[in-house]
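I have placed the structure first, in the form of structure tokens, so that the comments after it can refer back to it.
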Amino acid sequence: MSDPDATRAAPSADRRHRPGRPARERVTSVDRPSARTDLPARAGRSHVSEAETLFTRSLMRAQGRLALVFVVSFVLAVVLVTFVISGIPALHAHSIGGVPIPWLIQAYGYYPIIIVFAVAYTVAAMRTERRFRALVEHE
């Protein structure tokens with residue numbers, strides 16, 4: 001005697017493996033190590049000189065220092081504005097539309113600071129990269 005469940009499962013298995021249909025491929029997480037051990041081919045030259053390596057590392061250090069300076073400066077500016085808001089008691093007595101002025105300053109006053117720091121960082125980073133390119137081109 002045959003099992004009735006086995007005959008029911010067989011047609012669905014046949015549907016998955018029909019000719020003309022691609023085989024199923026299992027997709028796994030990128031966190032798992034892959035079976036692929038070869039490295040992808042690099043575009044451009046395969047040999048990098050010591051000077052290029054030195055210049056690239058110096059650019060990375062300069063960009064890191066620049067980022068650190070801007071992050072510290074931004075945090076100091078935000079803390080300074082916060083202390084100024086909390087240190088002026090006259091601001092707490094007034095409100096606009098029922099909203100206290102310190103709340104409005106905190107809600108909308110930080111955006112100009114963020115924009116100024118973002119633009120200044122972008123300009124400084126572009127200047128650093130432009131200097132790096134000029135230095136590399138002369139070599």
Exercise for the section: Measure the spacing between CD1 of Ile101 and CD of Gln106 and express it to the nearest 0.5 Å. Expected result: 12.5 Å
Completion exercise
Output for pair (Ser58 OG, Leu135 CG), nearest 0.5 Å, gives 7.0 Å
Practice task
Report yes or no: do Leu68 and Val71 belong to one cluster of Ile/Leu/Val/Met/Phe/Trp/Tyr joined by side chain heavy-atom distances under 4.5 Å?
Solution key: no
Practice task
Identify, with sequence neighbours excluded, every residue that meets side-chain contact (heavy atoms from CB on, under 4.5 Å) alongside Thr56.
Solution key: Met60, Phe132
Handout entry: Qualifying residue, where the test is side chain to side chain contact (heavy atoms under 4.5 Å, CB included) with Val72 and the options are Val75, Leu76, Val69
Key = Leu76
Problem - Heavy-atom pair with the smallest gap, counting every atom of Ile85 and Pro102 - result: CG2-CB, 3.5 Å
Practice task
State the CZ-CZ distance between Arg61 and Arg57, to the nearest 0.5 angstrom.
Solution key: 8.5 Å
Fill in the blank from the handout: Taken in chain and number order and not counting sequence neighbours, the residues that satisfy side-chain contact (heavy atoms from CB on, under 4.5 Å) with Ala118 are none
Completion exercise
By side-chain contact (heavy atoms from CB on, under 4.5 Å), Arg131 pairs with (sequence neighbours left out) Arg127
Handout entry: side-chain contact (heavy atoms from CB on, under 4.5 Å) partners of Ile115, counting only residues at least two apart
Key = Val119
Exercise for the section: Find out if a path of hydrophobic residues (ILVMFWY) with successive side-chain heavy-atom gaps under 4.5 Å connects Val116 to Met126. Expected result: no
Practice task
Check whether any side-chain heavy atom of Ile105 lies under 4.5 Å from a side-chain heavy atom of Leu91, and answer yes or no.
Solution key: yes
Handout entry: ring-ring contact (aromatic ring centres under 6.0 Å, His included) against Tyr121, all qualifying residues, sequence neighbours excluded
Key = Phe70
Problem - Pairs satisfying ring pair (Phe, Tyr, Trp, His ring centres under 6.0 Å), at least one member in residues 88-117, at least two apart - result: Phe74-Phe117
